[in-house]
Number of protein chains: 2
Amino acid sequence: MSGPDLSDFRVSSLRQACAHCSLNQLCLPMSLSEADIEQLDAIVERKRPLQRGEHLYRGGDDFQAIYAVRSGSLKTFTTTESGEEQVTGFHLPGELVGLDAINSWVHPCSASALETTSICELPFEQLEDLASDIPSLQRQLLRLMSKEIFADQEMLFAMARRSAEERLAMLLLSFSERFGRRGLSSTRFRLPMARSDLGNYLGLAPETMSRLFRRFQENGWLQAEGREIQLLDQPALAELSGRQAREDVDSKQLSDGTD
Amino acid sequence: MSGPDLSDFRVSSLRQACAHCSLNQLCLPMSLSEADIEQLDAIVERKRPLQRGEHLYRGGDDFQAIYAVRSGSLKTFTTTESGEEQVTGFHLPGELVGLDAINSWVHPCSASALETTSICELPFEQLEDLASDIPSLQRQLLRLMSKEIFADQEMLFAMARRSAEERLAMLLLSFSERFGRRGLSSTRFRLPMARSDLGNYLGLAPETMSRLFRRFQENGWLQAEGREIQLLDQPALAELSGRQAREDVDSKQLSDGTD
DNA sequence: CGCCTACTTGAGCGGCATCAATGGGTGTGG
DNA sequence: CCACACCCATTGATGCCGCTCAAGTAGGCG
């Protein structure tokens, strides 16, 4: 690939059609027919990549569109009057952001790039119109929102009942799974965010994060060098996180269709 | 008096049309035309009321429909393998439940009645079809889901950063507002759930709830007799909760001593 | 009346925040 | 090239909030 040339983005978007996007089975086009994907393509705007720290939108901005991460990563966060920041989520390629703004037509939180990040913009009113025409798109949109509700509730549970160790284990496995689904290694990855962001998201102090990582390494569960993470004992982490480890925990096949 | 006759419910549903429901401006019909409301009515099934403790659905059940509370109240909760319960929400008249099941077509949590509770059932596939035909219904559905995402994120923030006192203040004000919107008193109401449910939802032990209520009363913020609550100082609660109280806040004549 | 569940109150402790200090990495300017 | 600033990560010391354990009280219902 040649260097980024801003004037080329509209042209190149012809090639970056959803149909050819490696993420289309993770993203909104999932389970759409080719013809439908073309229609979706027509409303997608592919924007100039964001640099690390740049904002996609800020809390209080008018809501115009929802966004899909194409490459890189985002964090979303709210800021209180007193200036404290609460990270509400990390968003990897194939994931949508901005869904929380549909209700009020104002973004209740900010989104900023954790690294150089490409974004697909989906103007919401056009997306609504299209969803009326394409039942499977409407369904997919509802599914993704439902998924987010479910994920938030799992997170709530974690914050209410889980220890710091358990929360970190959950988060690591979440990243592991999300990297894995994209075909990357699920045991070796580079976290795009600072320890303090991770801690903030989990409701923990950065110092606590540091101690947790040390303890996890002492226990032989992972190897960490800065943001470079290698998971060494996923079953141990899975047990900590309260989830079932794959088939290791079998013996009791509760309701066989787990996930 | 005519006792409850189950065979009557279909008949009586003719009179319980959304168009005449006092909640229709809080619920799914909000901003629908009369004709559209009629169409919605046609798919709504009004079921036999649930008794206290009865389940509307259980975690693991197949997802068929989403539900609106018509009267009474529900709690939704997850249960872990080890039997611990996590309350994920309380649902008052006009509010929807079951949205978290759309993604997987399985209810990830259970819903049970906190008191005698009437429910409107909205078969999801029919609702989807209808939403394709009625753009404002689609929009309303997306809005309600978006609202839930936002609410969950606020809750996450509370769990991550707020003290027990602040969380309780938030919850009390949330109930206050939700009662108020239905035309009931926003300062005097009866909580339909046990302290332990409240505490569970907030990530706090029942003992802590007890101590909090005592402290709130000592501070003159409220009067509580069991589940009967009277809010005496909403501005103080609002300040605690981190929200802006109306315009009283800057001239804070409210705090006279305790800190 | 006894049982059960919900709620209250007290005593003690532990997990995690906070405060403080240090070291490493990276960008910037002399 | 080094000096400096700044951010991020780490580590130790200390303290507090809210959990846990334990006991007692009150209300609902057979």
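In what follows, chains carry the letters A, B, and so on, assigned in the order in which the sequence lines appear, proteins first and then strands, with residues in each chain numbered from 1.
Under 4.0 Å is where a charged nitrogen must lie from a carboxylate oxygen, and between B/Glu84 and A/Arg161 no such pair does.
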Between the protein and nucleotides 15-17 of chain D, list the N/O to N/O atom pairs that are separated by less than 3.5 angstrom.
none

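Of the possible donor and acceptor atoms, one in the side chain of B/Thr117 sits under 3.5 Å from a partner among the backbone N and O of B/Glu115. The closest donor-acceptor contact from the side chain of A/Ser112 to the backbone of A/Gly53 lies at 3.5 Å or more, if one exists at all.
Residues passing the salt bridge (Lys or Arg N to Asp or Glu O under 4.0 Å) test with A/Glu121, sequence neighbours excluded: A/Lys47. For the ring pair (Phe, Tyr, Trp, His ring centres under 6.0 Å) test, no residue two or more places apart in sequence or in another chain qualifies with A/Phe157. With sequence neighbours excluded, the residues forming a ring pair (Phe, Tyr, Trp, His ring centres under 6.0 Å) with B/His107 are B/Tyr57, B/Phe63, listed by chain and number. Residues satisfying the side chain to side chain donor-acceptor pair (under 3.5 Å) test with A/Glu207, not counting sequence neighbours, are none. In this structure A/Arg182 satisfies the salt bridge (Lys or Arg N to Asp or Glu O under 4.0 Å) test with no other residue, sequence neighbours excluded.
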| Working for side chain to side chain contact (heavy atoms under 4.5 Å, CB included), residues B/Tyr201 and B/Leu171 | CA-CA 10 Å; B/Tyr201 178 61; B/Leu171 187 62; 3.6 Å; yes
| Step by step, would you call B/Phe77 with B/Ser110 a side chain to side chain contact (heavy atoms under 4.5 Å, CB included)? | CA-CA 5 Å; B/Phe77 58 98; B/Ser110 305; 3.7 Å; yes
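With a 4.5 Å cut-off on side-chain heavy atoms, B/Ile229 and B/Phe216 do not count as touching. Side-chain contact between B/Leu240 and B/Trp221 is present, with heavy atoms from C-beta onward closer than 4.5 Å.
At a non-hydrogen distance threshold of 4.0 Å, A/Glu207, A/Ser210, A/Arg211, A/Arg214 from residues 207-216 of chain A come into contact with DNA chain D.
If you take CG of B/Leu204 and C1' of D/dT20, they are 14 Å apart, rounded to a whole angstrom. Between B/Arg162 atom CZ and D/dG18 atom C1' the separation is 18 Å, expressed in whole Å.
Chain A approaches DNA chain C within less than 4.0 angstrom (heavy atoms of the protein), and the contacting nucleotides run 5' to 3' from C/dC16 to C/dA20.
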| query | What string of B, S and - do you get for nucleotides 24-30 of chain D 5' to 3' if you count protein non-hydrogen atoms under 4.0 Å? | reply | -------
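B/Arg167 comes within 4.0 angstrom of no nucleic acid atom, judged by non-hydrogen atoms across all strands. The residue A/Ala205 sits close to a base: some heavy atom pair falls under 4.0 Å. Residue contacts for B/Gly203: at a heavy-atom cut-off of 4.0 Å it reaches the sugar-phosphate backbone alone, with no base atom in range.
Listed by first and then second residue, the salt bridge (Lys or Arg N to Asp or Glu O under 4.0 Å) pairs involving residues 185-201 of chain A are A/Lys75-A/Asp197, A/Arg190-A/Glu228 (not counting sequence neighbours). Listed by first then second residue, pairs satisfying salt bridge (Lys or Arg N to Asp or Glu O under 4.0 Å) with a partner in residues 216-227 of chain A read A/Arg214-A/Glu218, not counting sequence neighbours.
Within a 6.0 Å sphere centred on CZ of B/Arg52, heavy atoms belonging to other residues, nucleotides or ligands number 12 at most.
For the helix from C/dC1-D/dG30 to C/dG30-D/dC1, the angle separating the two terminal helix axes comes to 30°, with each axis derived from five pairs and the value rounded to 10°.
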